[in-house]
Amino acid sequence: CISGLRYTLGSILWEEDNLQKNLIDNTVYRKPKAFDINLLGNQIDRTLEQYEDRGFPFATVVVKQIKTLDGRTDITLSLE
């Protein structure tokens, strides 16, 4: 039996990037989804591919903040 608080993913937010604006969108889930690291990984992979395709092959993603309140997790990322 698994016990403990079940976590959901409420939002994936991006700080304004230094490379090029508005290639990426914030994701806010109206109904939070069960936290799945693959959701986060897929969004990061797609974003890095977009930047690579536009001439930024060395772009990196940094986790700036992870906030959890009552099981809802909000993540802020930055592209550098």
Side-chain angles (χ1 to χ4, degrees):
C1 178
I2 298 174
S3 62
L5 187 60
R6 183 177 178 164
Y7 289 91
T8 60
L9 185 56
S11 64
I12 302 172
L13 306 174
W14 292 86
E15 287 186 349
E16 190 169 307
D17 62 271
N18 296 325
L19 299 176
Q20 195 170 342
K21 294 181 184 178
N22 299 327
L23 285 184
I24 49 181
D25 295 319
N26 292 326
T27 304
V28 178
Y29 299 105
R30 292 175 196 232
K31 182 177 179 186
K33 297 182 177 270
F35 188 88
D36 180 356
I37 197 69
N38 293 319
L39 283 174
L40 181 60
N42 290 341
Q43 184 164 1
I44 290 170
D45 289 343
R46 281 192 313 270
T47 299
L48 289 174
E49 286 175 12
Q50 287 179 349
Y51 276 84
E52 287 173 6
D53 291 346
R54 288 171 175 80
F56 298 100
F58 301 109
T60 58
V61 173
V62 177
V63 176
K64 289 295 193 169
Q65 184 177 54
I66 299 175
K67 292 191 308 187
T68 302
L69 180 63
D70 298 328
R72 176 191 160 118
T73 303
D74 297 306
I75 299 173
T76 303
L77 304 171
S78 177
L79 194 68
E80 299 179 355

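Atom set for the values below is all heavy atoms of this structure, side chains included, hydrogens, waters and symmetry mates excluded.
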ask   = Out of curiosity, does I75 fall in the hydrophobic cluster containing I37 (side-chain heavy atoms, cut-off under 4.5 Å, transitive links)?
value = yes
Practice task
Please answer: with hydrophobic residues joined when any side-chain heavy atoms are less than 4.5 Å apart, are L69 and L40 in the same cluster?
Solution key: no
With sequence neighbours left out, what residues match [X] under side chain to side chain donor-acceptor pair (under 3.5 Å)?
X	value
D70	none
N42	none
T76	none

*asked:* Between V61 and L48, does the side-chain contact (heavy atoms from CB on, under 4.5 Å) criterion hold? Intermediate values first, please.
replied: CA-CA 8 Å; V61 173; L48 289 174; 3.8 Å; yes
Margin query: Distance check, rounded to the nearest 0.5 Å: K64 atom NZ versus L13 atom CG?
Written below: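 Nearest 0.5 Å value for the NZ-CG distance: 14.0 Å.
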**Note, W14 side chain near T47 side chain (heavy atom, < 4.5 Å)** =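 Counting from C-beta outward, W14 and T47 do come under 4.5 Å.
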[X] versus [Y], closest heavy-atom pair with distance:
X	Y	result
Y51	A59	CB-CB, 4.1 Å
P57	E52	CA-CG, 4.0 Å
R6	A34	NH2-CB, 3.6 Å

**Q.** side-chain contact (heavy atoms from CB on, under 4.5 Å) involving T68 - partner list, sequence neighbours excluded
**A.**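 For T68, the residues satisfying side-chain contact (heavy atoms from CB on, under 4.5 Å) (neighbours in sequence not counted) are Y7, I66, T73.
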Hits for side-chain contact (heavy atoms from CB on, under 4.5 Å) against D45, two or more places apart or cross-chain, chain-then-number order -> none
Self-check item: Qualifying residues under salt bridge (charged side-chain N to carboxylate O under 4.0 Å, His left out), relative to K67, sequence neighbours excluded
Solution: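 Expected list: none.
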Q: Go through the steps for L77 and V63 under the test side-chain contact (heavy atoms from CB on, under 4.5 Å), then give the verdict.
A: CA-CA 5 Å; L77 304 171; V63 176; 3.8 Å; yes
